[in-house]
Asks: 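I have a structure here, written as structure tokens, and I will follow up with some questions on it.
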Amino acid sequence: LYQGSSEQPVFDRRRFDGGNLLGRWRSRLQDGSELSIQTYYDYTKRVYPGTFSESLNTIDLDMQHGFKLGERHEIVWGGGYRYSDDRVGNSAQLAFLPAHRSLRTINLFIQDEIQLVPDRLYVTVGSKVEHNAYSGIDVQPNIRLSWKVRDHSQLWTAVSQAARTPSRIDREFFTPANAPLVLAGGPNFDSEKVTAYELGYRGQLADYGSMAATVFYNDYRSLRNLESNAAGAYVLSNRMQGETYGLEMWGEIRPNKRWRIQAGYLLLHKNLRLPADTTDPLGIAAAGNDPRYQWSLRSLVDLSHNLEWDLSVRRVGALPSPKVPAYTAFDMRLAWKPTSSWDLALVAQNMLDASHLEFATSPLPAEVRRSIFVKSTWKF
């Protein structure tokens with residue numbers, strides 16, 4: 001990691017610490033409805049010596065209740081609450097102001113699946129309403145139509161709206177920490193929005209496999225970009241728009257009862273635009289910095305009734321701006337399940353290289369290293 005303005009580079013060791021705890025409770029009530037409650041706690045600490053440090057505590061609570069209304073309606077409703085406490089150690093190079101921020105996000109949702117033709121044709125309508133500390137209320141409706149062509153195949157189409165709420169970077173990030181500024185969060189930065197159109201197929205391949213394919217088209221509005229202000233600083237704004245479209249495929253075959261092979265493929269095209277009067281120094285080259293393609297192949301074998309061996313390989317295409325080479329990664333997992341509720345796994349990730357670059361963002365590029373660790377899971 002290079003930092004500082006001296007002629008000689010300074011290399012520092014970054015540190016990451018943290019942990020999380022997830023609890024989930026499910027119950028079928030006396031009236032036949034189902035209730036589930038999930039709570040989650042996460043602690044993360046990051047230290048980039050001389051540049052930035054952060055201590056983040058997040059608490060998340062979700063509730064969901066599902067029930068049938070008459071013969072043709074299946075309703076699911078619920079809500080969620082998230083609280084995050086973020087404390088940042090700023091430096092002269094960059095700062096989050098204020099350095100300490102507590103954020104709360106609340107959401108409510110409802111969805112109704114209606115049988116238009118029993119066991120054949122369904123329509124699902126619903127909406128999610130979310131309130132966050134920065135942009136206020138976002139309404140996210142959706143509608144889905146599903147046709148069961150045969151007993152083991154289904155066609156479906158959907159239209160939905162979604163929003164990405166602003167983060168602290170969008171509103172409260174500054175570099176350098178004091179004027180004159182070079183880059184600043186936008187005080188009026190709003191939620192980024194998308195309307196998504198999808199058409200898909202899912203089918204069972206006899207008794208030995210299944211497959212799914214989806215074509216999609218996404219219409220984006222209010223995407224993040226940079227605009228210069230009167231003081232000469234670049235401020236985060238919402239003036240970009242555009243479309244993406246592509247194809248996603250997934251399949252699984254089962255050569256025998258103990259062995260499954262899974263494969264997936266994604267193809268993505270982007271068409272993003274900025275208004276004619278933009279002052280964005282980067283243009284659209286750095287926006288939507290996504291690979292054109294990705295594919296994965298995974299093998300899952302039950303060596304015995306309580307021993308699992310998983311192998312996976314994935315290929316991710318190059319990123320255009322900043323340029324990041326394409327890479328291939330190989331992972332392995334060996335898990336022992338002494339009981340039905342507890343498993344102990346040895347996991348090895350990114351075994352082909354000592355490290356590879358995931359994103360080349362400045363000043364802190366994201367590099368993924370080879371790792372080996374032990375993971376224990378207990379369900380109760």
Asks: Is Asp353 salt-bridged to Arg370, going by a charged N under 4.0 Å from an acidic O?
Replies: no
Asks: Taking the basic N atoms (NZ, or NE/NH1/NH2) and the acidic carboxylate oxygens, is any pair closer than 4.0 Å for Lys68 and Glu113?
Replies: no
Asks: For the residue pair Gln38 and Arg24, confirm or rule out a side-chain donor-acceptor distance under 3.5 Å.
Replies: yes
Asks: Linking I/L/V/M/F/W/Y whenever their side-chain heavy atoms sit closer than 4.5 Å, directly or via other members, would Val159 and Tyr245 fall into one cluster?
Replies: yes
Asks: Evaluate the side-chain proximity of Ser146 to Leu155: yes if any heavy-atom separation is below 4.5 Å, no if none is.
Replies: no
Asks: Give the intermediate values and the outcome of side-chain hydrogen bond (donor to acceptor under 3.5 Å, both in side chains) for residues Glu172 and Tyr134.
Replies: CA-CA 10 Å; Glu172 301 169 354; Tyr134 292 123; 3.2 Å; yes
Asks: Less than 4.0 angstrom from a charged side-chain N to a carboxylate O is my criterion; do Glu227 and Arg239 meet it?
Replies: yes
Asks: Looking only at side chains, do Trp25 and Ser36 share a donor and an acceptor under 3.5 Å apart?
Replies: no
Asks: Can a donor-acceptor pair be found, under 3.5 Å and without considering hydrogens, that links the side chain of Arg171 to the backbone of Pro187?
Replies: yes
Asks: Honestly curious: do Val194 and Val139 fall in one hydrophobic cluster under the side-chain, below-4.5 Å linking rule?
Replies: no
Asks: List the steps, then state whether side chain to side chain contact (heavy atoms under 4.5 Å, CB included) holds for Tyr265 with Gln294.
Replies: CA-CA 6 Å; Tyr265 179 77; Gln294 300 180 60; over 6 Å; no
Asks: Taking the side chain as every heavy atom from C-beta outward, state whether Ile284 and Leu274 have any pair of such atoms under 4.5 Å apart.
Replies: yes
Asks: Do the side-chain N and O atoms of Ser160 and Gln140 include a donor-acceptor pair separated by under 3.5 angstrom?
Replies: no
Asks: Decide yes or no on side-chain hydrogen bond (donor to acceptor under 3.5 Å, both in side chains) for Arg202 and Gln154, but give the supporting numbers first.
Replies: CA-CA 5 Å; Arg202 290 191 293 266; Gln154 185 179 61; 2.5 Å; yes
Asks: Is the side chain of Ser355 donor-acceptor paired with the backbone N or O of Val368 at a distance under 3.5 Å, no angle test?
Replies: no
Asks: Heavy-atom count check: over 12 atoms from other residues, nucleotides or ligands less than 6.0 Å from Asp31 CG?
Replies: yes
Asks: Looking at CG of Leu236 and CD1 of Ile169, how far apart are the two atoms once the value is rounded to the nearest 0.5 Å?
Replies: 8.5 Å
Asks: Please evaluate residues Asn271 and Glu243 with respect to the criterion side-chain hydrogen bond (donor to acceptor under 3.5 Å, both in side chains), reporting the C-alpha separation (whole Å), side-chain torsions for both, the decisive distance (0.1 Å), and the verdict.
Replies: CA-CA 5 Å; Asn271 178 28; Glu243 305 84 37; 3.2 Å; yes
Asks: Decide yes or no for Met332 and Val347: does some side-chain heavy atom of the first lie under 4.5 Å from some side-chain heavy atom of the second?
Replies: no
Asks: Measure the spacing between CG of Asn57 and OH of Tyr83 and express it to the nearest 0.5 Å.
Replies: 8.5 Å
Asks: Please confirm whether the backbone N or O of Gly32 pairs with a side-chain atom of Arg28, one donor and one acceptor, at under 3.5 Å?
Replies: yes
Asks: For Ala163, does its backbone N or O pair with a side-chain atom of Glu192 as donor and acceptor, under 3.5 Å?
Replies: no
Asks: With distance as the sole test, does Thr279 use its side chain to make a donor-acceptor pair with the main-chain N or O of Ser228 at under 3.5 Å?
Replies: yes
Asks: So, for Thr328 and Arg315, which heavy atoms are closest and what is the spacing to 0.1 Å?
Replies: OG1-NH1, 2.9 Å
Asks: So, do Leu97 and Asn90 sit near enough that their side-chain heavy atoms are less than 4.5 Å apart?
Replies: yes
Asks: Near Lys45 NZ, under 6.0 Å, is it more than 12 heavy atoms from other residues, nucleotides or ligands?
Replies: no
Asks: For His100 and Asp85, does a side-chain donor sit closer than 3.5 Å to a side-chain acceptor?
Replies: yes
Asks: Is the closest side-chain heavy-atom distance between Leu94 and Phe52 below 4.5 Å?
Replies: yes
Asks: Could you tell me whether Asp86 and Arg101 make a salt bridge, using a distance below 4.0 angstrom between a side-chain N and a carboxylate O?
Replies: no
Asks: Do Asp310 and Ser312 have a side chain donor and acceptor closer than 3.5 Å?
Replies: no
Asks: Do Asn218 and Thr244 pair up side chain to side chain, a donor and an acceptor below 3.5 Å, judged on atom types alone?
Replies: yes
Asks: Between Arg164 and Asp170, does any NZ, NE, NH1 or NH2 come within less than 4.0 Å of an OD or OE carboxylate oxygen?
Replies: yes
Asks: Within the structure provided, determine whether Glu130 and Ile106 are in side-chain contact (heavy-atom separation under 4.5 Å).
Replies: no
Asks: Looking at Trp295, is Arg314 sitting on its ring face, NZ or CZ under 6.0 Å from the six-membered ring centre and within 45 degrees of the normal?
Replies: no
Asks: In Å, rounded to the nearest 0.5 Å, how long is the span from CD1 of Ile372 to CG of Leu346?
Replies: 7.0 Å
Asks: For His269 and Arg292, does a side-chain donor sit closer than 3.5 Å to a side-chain acceptor?
Replies: yes
Asks: Please name the pair of heavy atoms, one in Ser376 and one in Trp342, separated by the smallest distance, quoted to 0.1 Å.
Replies: OG-NE1, 2.8 Å
Asks: Is a side-chain donor-acceptor pair under 3.5 Å present for Ser191 with Ser135?
Replies: yes
Asks: Looking at CD of Glu252 and CG of Leu205, how far apart are the two atoms once the value is rounded to the nearest 0.5 Å?
Replies: 10.0 Å
Asks: May I ask you to check whether Phe174 and Phe96 place their ring centres under 6.0 Å from each other?
Replies: no
Asks: Any side-chain heavy atom of Ile114 within less than 4.5 Å of one from Tyr122?
Replies: no
Asks: Determine whether a donor-acceptor pair (N or O, by modelled atom type, separation under 3.5 Å) exists between the side chain of Thr278 and the backbone of Asp280.
Replies: yes
Asks: To the nearest 0.5 Å, what is the distance between CG (Leu199) and CH2 (Trp156)?
Replies: 7.5 Å
Asks: Going through the checks in order, is the side chain to side chain contact (heavy atoms under 4.5 Å, CB included) test met by Val76 and Asp112?
Replies: CA-CA 7 Å; Val76 178; Asp112 185 9; over 6 Å; no
Asks: Please report the shortest heavy-atom distance between Pro176 and Val182, naming the atom on each side.
Replies: CD-N, 3.7 Å
Asks: Quick check against the 3.5 Å criterion: does Asn238 have a side-chain atom that pairs as donor or acceptor with the backbone of Asp190?
Replies: yes
Asks: Is the shortest side-chain heavy-atom distance between Leu223 and Leu272 below 4.5 Å?
Replies: yes
Asks: Would you check if the side chain of Ser33 reaches a backbone N or O of Phe67 as a donor-acceptor pair within less than 3.5 Å?
Replies: no
Asks: Could you check whether atom CZ of Arg82 has more than 12 heavy atoms from other residues, nucleotides or ligands sitting under 6.0 Å from it?
Replies: no
Asks: Without hydrogens or angle criteria, can the side chains of Glu54 and Tyr48 be said to hold a donor-acceptor pair below 3.5 Å?
Replies: no
Asks: Would the distance check show the side chain of Asp302 and the main-chain N or O of His305 forming a donor-acceptor pair, the cut-off being under 3.5 Å?
Replies: no
Asks: With the threshold set at 4.0 Å, does a side-chain nitrogen-carboxylate oxygen contact exist between Asp151 and Arg120?
Replies: yes
Asks: Quick check: closest heavy atoms across Asp290 and Pro320, and the distance to 0.1 Å?
Replies: O-CD, 3.9 Å
Asks: Please work out whether the ring planes of Tyr217 and Tyr197 are parallel, tilted or perpendicular, with thresholds of 30° and 60°.
Replies: tilted
Asks: With a sphere of 6.0 Å drawn around CE of Met249, does it hold more than 12 non-hydrogen atoms of other residues, nucleotides or ligands?
Replies: no
Asks: What's the shortest heavy-atom distance between Ala95 and Ala177, and which atoms?
Replies: CB-CB, 3.7 Å
Asks: Under 4.0 Å between a Lys/Arg side-chain N and an Asp/Glu carboxylate O for Asp331 and Arg298?
Replies: no
Asks: Work out which heavy atom in Arg333 is nearest to a heavy atom in Ala345; give both atom names and the distance.
Replies: NE-CB, 4.1 Å
Asks: Please say whether more than 12 non-hydrogen atoms of neighbouring residues, nucleotides or ligands are located less than 6.0 Å from CH2 in Trp77.
Replies: no
